[in-house]
Amino acid sequence: DGGTYTVDIANACGLVPNAATIPAVVNPKPIVNFALTSQNNQCLANNSYVFTNNSTNTGGNVSYTWDFGDGNTDIVSVASATHVYSVSGKHVVKLRAINQYGCFDENTREVIVAGQPIITTQPVGKVVCQGEAYELAPAVNTGGASSVSYQWYFNNSPISSSNAAKFTIASMSTANA
């Protein structure tokens with residue numbers, strides 16, 4: 001707490017009352033808060049994130065720094081900031097406030113910039129005996145998206161009810177080879 005502190009110092013030979021007077025000044029600290037006023041999960045193409053500064057200045061002059069988590073910062077925007085990402089992935093956005101006394105606070109939010117899904121390992125064809133089961137399963141990089149949908153095809157025609165990451169042919173025959 002702010003105020004004036006004193007200390008008495010004593011040993012076996014005597015006492016020095018109020019040997020030191022130490023004033024303690026407590027400066028106010030800004031309280032940082034911000035909101036993401038656009039959608040949190042956006043596609044890389046045409047993404048645009050809007051952030052609104054809801055911080056409380058408890059005293060003194062305050063300067064703000066937006067750090068968008070991709071190497072870009074903004075020290076000009078105070079009330080709100082807009083940012084477009086050029087790389088997909090999860091990015092941690094940080095707003096930092098520092099006042100004239102050197103007191104600071106910061107807060108973070110995570111945004112997700114999703115890219116297109118990419119097949120990283122293609123299913124490999126193989127020779128199987130008639131009547132055996134055969135499972136097709138590509139390895140997929142989701143591009144940072146929280147969900148991915150699948151549609152399997154046979155000879156360029158969609159297979160009904162085949163929307164899982166893996167597709168199993170229960171019993172191989174010459175008709176489905």
Side-chain angles (χ1 to χ4, degrees), residues 29-58 61-99 103-128 132-173 175-177:
K29 178 179 168 181
I31 301 168
V32 173
N33 190 19
F34 70 97
L36 175 63
T37 54
S38 58
Q39 188 176 359
N40 179 50
N41 192 338
Q42 296 182 30
C43 293
L44 181 59
N46 302 315
N47 76 81
S48 181
Y49 291 85
V50 180
F51 308 95
T52 302
N53 185 349
N54 298 323
S55 300
T56 303
N57 180 0
T58 54
N61 295 324
V62 177
S63 61
Y64 295 93
T65 302
W66 293 95
D67 181 342
F68 300 107
D70 63 351
N72 291 297
T73 59
D74 180 351
I75 59 171
V76 177
S77 303
V78 175
S80 66
T82 301
H83 189 67
V84 174
Y85 289 91
S86 59
V87 176
S88 63
K90 291 182 181 180
H91 301 280
V92 177
V93 178
K94 178 170 54 175
L95 177 59
R96 187 174 203 265
I98 186 167
N99 64 18
C103 302
F104 70 93
D105 190 25
E106 56 190 30
N107 204 335
T108 61
R109 300 274 183 277
E110 186 176 88
V111 297
I112 298 171
V113 182
Q116 291 182 327
I118 299 168
I119 294 178
T120 56
T121 304
Q122 185 77 23
V124 178
K126 67 179 186 176
V127 177
V128 297
E132 289 182 354
Y134 184 35
E135 181 180 82
L136 304 172
V140 177
N141 175 333
T142 66
S146 57
S147 66
V148 176
S149 63
Y150 296 84
Q151 175 60 59
W152 288 90
Y153 295 83
F154 179 65
N155 290 335
N156 296 322
S157 296
I159 303 169
S160 64
S161 301
S162 64
N163 52 9
K166 297 178 182 180
F167 179 68
T168 301
I169 303 165
S171 179
M172 289 295 293
S173 69
N176 56 17

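Under a cut-off of 6.0 angstrom, the local environment of CD in Glu110 is crowded, with over 12 non-hydrogen atoms contributed by other residues, nucleotides or ligands. Atom CD1 of Ile159 is surrounded by more than 12 heavy atoms from other residues, nucleotides or ligands within 6.0 Å.
Contact detail for Ser48 and Ser38: the closest heavy-atom pair is O-OG, 3.7 Å. The two atoms that bring Ile112 and Tyr49 nearest to each other are O-OH, 2.6 Å, heavy atoms only. Gly125 and Tyr134 make their closest contact through CA-OH, 3.3 Å (heavy atoms, listed as atom of the first residue, atom of the second, distance). Of all heavy-atom pairs spanning Asn33 and Asn107, the tightest one is OD1-ND2, 3.7 Å. Closest approach of Ser88 to Ala114, counting heavy atoms only: CB-C, 4.1 Å. Contact between Asn47 and Leu44 at its shortest, heavy atoms only, is ND2-O, 2.8 Å.
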* Would you check, one step at a time, whether the test side-chain contact (heavy atoms from CB on, under 4.5 Å) holds for His91 with Val113? => CA-CA 8 Å; His91 301 280; Val113 182; 3.7 Å; yes
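Proximity of Asn53 to Leu95: side-chain heavy atoms (C-beta onward) are separated by under 4.5 Å at one or more points. Ile31 places a side-chain heavy atom less than 4.5 Å from the side chain of Thr58. The shortest distance between side-chain heavy atoms of Leu36 and Phe51 falls below 4.5 Å.
For the side chain to side chain donor-acceptor pair (under 3.5 Å) test, no residue two or more places apart in sequence or in another chain qualifies with Asn40.
Using a 3.5 Å distance cut-off with no hydrogens or angles, the side chains of His83 and Asp74 do not pair a donor with an acceptor.
Note: Phe68 and Tyr85 have perpendicular aromatic rings, judged against thresholds of 30 and 60 degrees for the angle between ring planes.
Looking only at distances, no side-chain donor or acceptor of Trp66 sits under 3.5 Å from a matching main-chain atom of Ala81. Checking side-chain atoms of Ser171 against main-chain N and O of Glu132 turns up no donor-acceptor pair under 3.5 Å. With Trp152 contributing its side chain and Ala164 its backbone, the two residues share a donor-acceptor pair below 3.5 Å. A distance-only check finds no donor-acceptor pair linking the side chain of Arg96 to the backbone of Phe104 [under 3.5 Å].
For the atom pair Asn72 CG and Ser86 OG, the distance stands at 7.5 Å (nearest 0.5 Å). Summarising the geometry, atom OG belonging to Ser80 is positioned 12.5 Å from atom CZ belonging to Phe34; distances are rounded to the nearest 0.5 Å. Expressed to the nearest 0.5 Å, how far OG1 of Thr108 lies from NZ of Lys94 amounts to 8.5 Å.
Put simply, the residue from Ile119, Thr120, Ile118 that forms a side chain to side chain contact (heavy atoms under 4.5 Å, CB included) with Pro138 is Ile119.
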